[in-house]
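What follows is a single structure, written as structure tokens, with notes after it.
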Amino acid sequence: MMKYSYYPGCTLRTKAKDLDAYARASAKALGFELEEIENWQCCGGVYPLGSDEIATKLSSVRALNEAKEKHQDLVTLCSACHHVIKRVNDDMQNVEDIRTRANNYMKLEEPYAGETTVLHFLEVLRDRVGFDTLKEKVTNPLTGKKIGAYYGCLLLRPGKILQFDNPENPKILEDFIRAIGAEPVIYPYRNECCGGYISLKEKDMSKNMCNNIMESAEGFGAEMLITACPLCLYNLNNSVQNGLPVYYFTELLAEALGVKEEVAKA
Amino acid sequence: MQRIGVFVCHCGSNIAATVDVKKVAEMTLLEPGVVHAEDYQYMCSEAGQEKIIAAIKEKNLTGVVVCSCSPRMHETTFRKAAEKAGLNPYMVEIANIREHCSWIHKDMEEATEKAVILARAAIAKVNLNAPLKPGESRVTKRALIIGGGIAGIQTALDIADAGYEVDIVEKEPSIGGRMSQLDKTFPTLDCSACILTPKMVEASAHEKIHIHTYSEVEKVSGFVGDFTVDIRKKARYVDMDKCTGCGVCQEKCPSKKAASEFNRGLNTRSAIYTPFAQAIPNVPVIDTENCIKFKTGKCGVCSKVCQAGAIDYTQKDEIITEKYGAIVVATGFDTIKLDNYDEYAYNQSKDVITSLELERIMNAAGPTKGHLERLSDGKAPKEMVFVQCVGSRCSDDRGKPYCSKICCMYTAKHAMLIRDKYPDVNVTVFYIDVRTPGKNFDEFYRRAVEQYGVNYIKGQVGKVIPQPNGKLLVQGSDLLDNKQILKEADMVVLATAIEPNPGVRKIATMLTASIDTNNFLTEAHAKLRPVESPTAGIFLSGVCQGPKDIPETVAQAGAAAVKAIGLLAKDKLMTNPCTAQSDELLCNGCSTCANVCPYGAITYEERQVNDHGIRETRRLAVVNSALCQGCGACTVACPSGAMDLQGFSNRQILAEVDAICQ
Amino acid sequence: MSIEAKEEFRPKIVAFCCNWCSYAGADLAGSSRLGYPADVKIIRVPCSCRVNPMFILRAFEKGADGVIMCGCHPGDCHYSTGNYYARRRMTLLFSMLDYIGVENGRTRVEWVSAAEGVKFSTTMNEFVEKIRSLGKNVRLEDLRCRK
Amino acid sequence: MSKEKKQAELIKEISGVNPLKCMKCGKCSATCPAYNEMDIKPHQFVSYVANEDIETLVQSKSLWKCLSCFACVERCPRDVKPGKLIDAARQIVVRQKGQNYLKADEIPELLDPELPQQLLVSAFRRYRR
């Protein structure tokens, strides 16, 4: 069985346990295993943009280095963790100053220079498993469901570093929706921001933004939204009254693969 | 020993402000062979040249070093001056103390020191110079034009009118180019076809002009005055001589689903087609990818309905070889692909279009017969938004760093035409800057605003958001009002950046013409030789050299023609005397040099030699100086050191190295 | 430490530039006022393929600290194929120099087109910086040549 | 070097942005989802840094309205990326003692049971030292 190093992140241990549990069960059904790395620390939630920020990047470097030592790719699930770790990895590959200073802190036997490949769970589905294979393994296709994919910001931008998909017109989640037998609904706000952490202090701002997203998705005929980000899910659920239901994409994946029940029992 | 004169130019303050010219003159006097040194404000001026001439005569100079600007600028000037004074022009060398010294250094002491060293290197070289005499080569009195758009047509007409034979090679089935796709032209709003078609007809009827459409240049060899070019005439599967252009075949062709290139894919055409009604030649081609006969072997309708019996499914590509004295590149442009700009929703919505697509929509022969309508539902728009600089002026790697130049004007034109024909349609233009330098251009743009009420907003658009009701929400900024604007529109038109035709790189490589990072061909001098390539005999016409509108293109096309005529009018060309020469006593006839020569200029002869009293017949390399272009590849390849290059000999270059490292 | 040793090291650098692309690129750097250190002196050759490895060895022998050769971009050679020959010759020469202990950084080949003034200037700045960091070349210098 | 100039240099260094590359097209402001909440607009950020008027900039409430959604970073045609400048200005503020935008004692009343960790962590990173 193919094994990947796995970085769940703080939210997946607490408020977003579902996102994690469904992903693990689905992985098993698809024939790969997520091996949680030891002693992971919180990624910090936001990428420290400052070129002089080193300490705040170290938790990501530790996770990346552990995966390197295990000769495994590092898989993430939460959009924020993916964003932070992928960008720190890019720094370790390309920014000499950050690489040197981070390694000075880490005191590793062999310096880390961005050797690990960081993959989002969706990228594993697309590039390693393949959506065609996924389609074959679906036992319970969600036929007839009209699903809007909500990407948010963190998975897509900056496109040059994340290299996840076309940041202005992505299709990975739509292809995923097709693979599990449902019908994707494309709407223009799927890559617009939900407000992110701003909802802590500026609830109205986030509300407006989530409203735009919901209205646009509903207008184009979506019956539900899926996302990979716990914060997006929280904002969309909490700031819009009577909005569309929002699910983690892993929940629908588990459902399509017929493993949702066993997760619920466990 | 040479008697050398050194002439140091101030170039006004261009050199003298950073280089102590007097000191340079003084220092060079200490060099071996130098018998005269002076400085002057402008050596290239009449008076400056007179100084050189006088010194040559008075001091019996056998060599001259001019410390001035780049030899690419004035080497010829000073060589001519020397010739006037009776000195062989190849006894003149230039020390480039402007571009390579005064302009890039700030410290006077440092710059002066470097100028002296550069002069020293030139003196060391001149000490070893020998008089050279250029040979002669013939000029084929025929020009090749690559590209049959307005640039190529104009150049062809001008050259042909001067009495020379001209061939136009056009890769599409018809000449006409981009201009044939335009509806109206700025700043006078005359119909594009009305002014272009007569020129197309004139070119096709001209007895000196030979048009090869559906053809591409395959191979180029030779050099200025004597190029040999292979042209691939792609199989049309229609006999040019028999076809009457009746059009029945296109009408009856059952395969009508191919995207029309001429209409930018907005509608379809048949598999056998002419791109547009006024096509020249009016002879269709069969697109084998869409032709049922070629795909399945069954069909043959066109052949059955053709009364002239012109259809020939067995036709093959044909290669013709022709000789030319001059080649003009007029390959033009295309709009960039918008895949990097999905925030403008071009790929997501049919109602977001490029300006060139709007030209087709506005054209009576276009996909909507000239009616302004949305391509999604055929409805007439009420609100139109134009977005400027889409992919132009982008220093990231998504777009082009340059200004495409024509967009400001054609957008004003589109806005005006729409407001004129459909007064109830509101037109908004989002712009960063409105750039209208050109005769009557700004007046034209102001008319769009003042007379036609076009709403210009300074600010870029961030995103075009398709709405469930089919409209487009345009999110842009109004920088003067400091507002973010959300504007609902029915259609959005993108002023898409233009880029040189993608095939031009391949052509430039064949012609050894230099090309810049944006794929525009480089001119020989940015200001003074704008229509010539640095490669002799190659001329540039139209947008292949840089963004241009139609009047500029036509003017430049004429200029390129004049330059080509100037070349064709000569019976003989002086050849570069800096050619390779083999020392027959050192040559051992190994053939290494001939293998690296790109011009086939080296042959072998059995010759009698007298090697220190020993007479014998040896196999020796002989350079044909008419063919040799003087690259020097053979000189380095030669294992015995027999091959050397006149004007850039081993000894001369080593002397320069020594002088610099001294 | 002697006083001379404290003096700023001013390397001697020879640049061979082909007439059609890189020499014109150097001209463009000049007319665009894109500076680079005066340590670089340019020798004009018709094509990079005219550069005999012997010229480079001679430069080092006479005390040059670095030699750079510039030509047209691959595929853009004015003489069609000259720069390909140059590239192969230089690869061979540089590996030989490396073998005898002349650091790889002291020699460089760069393709600069007539339109790349900026590239010419940045290349020269980088190269001078590199040579300054390597210090004086002592390997090949013929001490009899020193004045 | 004046304090203003020093701060401007610091912002340029932290962000890695050269404000002189800006051509003032306004695409950042056209793109910004928080535009209406900002007193200094994204495109103005660039000129404030270029003009070294950092005092006004760091007082601006825009610092706390930027969502770090990177839309301006993605779409900027000139590689200027105002989002990075805003973040650098925010860094300058929170690195000063006692300048946290989010105070520890105001947190409990902002919490609700659904609130994901991710939100708190992110807000802490953005708003506090």
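Below, chain A is the first sequence line, B the second, and so on; all start at residue 1. Keep in mind the model is a prediction, meaning the values are calculated, not measured.
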Count the heavy-atom pairs under 4.5 Å between each of [options] and chain B, then report the option with the highest count.
options	answer
S48(C), G82(C), A115(C), C47(C)	C47(C)
R10(C), E116(C), R44(C), M54(C)	R44(C)
C72(C), A86(C), A24(C), C18(C)	A24(C)
A64(C), A38(C), S31(C), P53(C)	A38(C)

Pair [X]-[Y], side-chain donor/acceptor within less than 3.5 Å:
X	Y	value
T635(B)	R50(C)	yes
D27(C)	N96(B)	yes
Q652(B)	N129(B)	yes
T112(B)	E109(B)	no

Please classify the contact of [X] with chain B as side chain, backbone, both or neither, using a heavy-atom distance under 4.5 Å.
X	value
V45(C)	both
S80(C)	both
D39(C)	neither
V51(C)	backbone

Of the backbone (N, CA, C, O) and the side chain (C-beta and beyond), which part of [X] lies under 4.5 Å from a heavy atom of chain C, both, or neither?
X	answer
S102(B)	neither
S533(B)	neither
A508(B)	neither
D644(B)	side chain
F223(B)	neither
A122(B)	neither

Between [options], which shows the greatest number of heavy-atom pairs under 4.5 Å with chain C?
options	answer
L645(B), I660(B), V596(B)	V596(B)
N650(B), N14(B), I117(B), L511(B)	N650(B)
H105(B), K106(B), R505(B), Q629(B)	H105(B)
A526(B), C69(B), P71(B), C101(B)	P71(B)

Practice task
Identify the residue among K130(C), K12(C), K136(C) that makes a salt bridge (charged side-chain N to carboxylate O under 4.0 Å, His left out) with D65(C).
Solution key: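 Single pass found, and it is K136(C).
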
Exercise for the section: Please examine the side chains of F16(C) and I68(C), heavy atoms only from C-beta on, and report whether any two atoms are closer than 4.5 Å. Expected result: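 No, too far: nothing below the 4.5 Å cut-off.
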
Practice task
Flag the pair S113(C) / S514(B) as yes when at least one side-chain heavy-atom distance between them is below 4.5 Å, and no otherwise.
Solution key: no

Problem - Considering all heavy atoms, the nearest C17(C)-F120(C) contact - result: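 C17(C) and F120(C) have their closest heavy atoms at SG-CE1, 3.8 Å.
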
Handout entry: Considering all heavy atoms, the nearest Y79(C)-C631(B) contact
Key =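 Closest approach of Y79(C) to C631(B): CG-CB, 3.2 Å.
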
Problem - Distance flag, aromatic centroids of H100(B) and Y23(C), threshold under 6.0 Å - result: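 Yes, the ring of Y23(C) comes within the 6.0 Å limit of the ring of H100(B), centre to centre.
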
Exercise for the section: Please work out whether the ring planes of W20(C) and H78(C) are parallel, tilted or perpendicular, with thresholds of 30° and 60°. Expected result: parallel

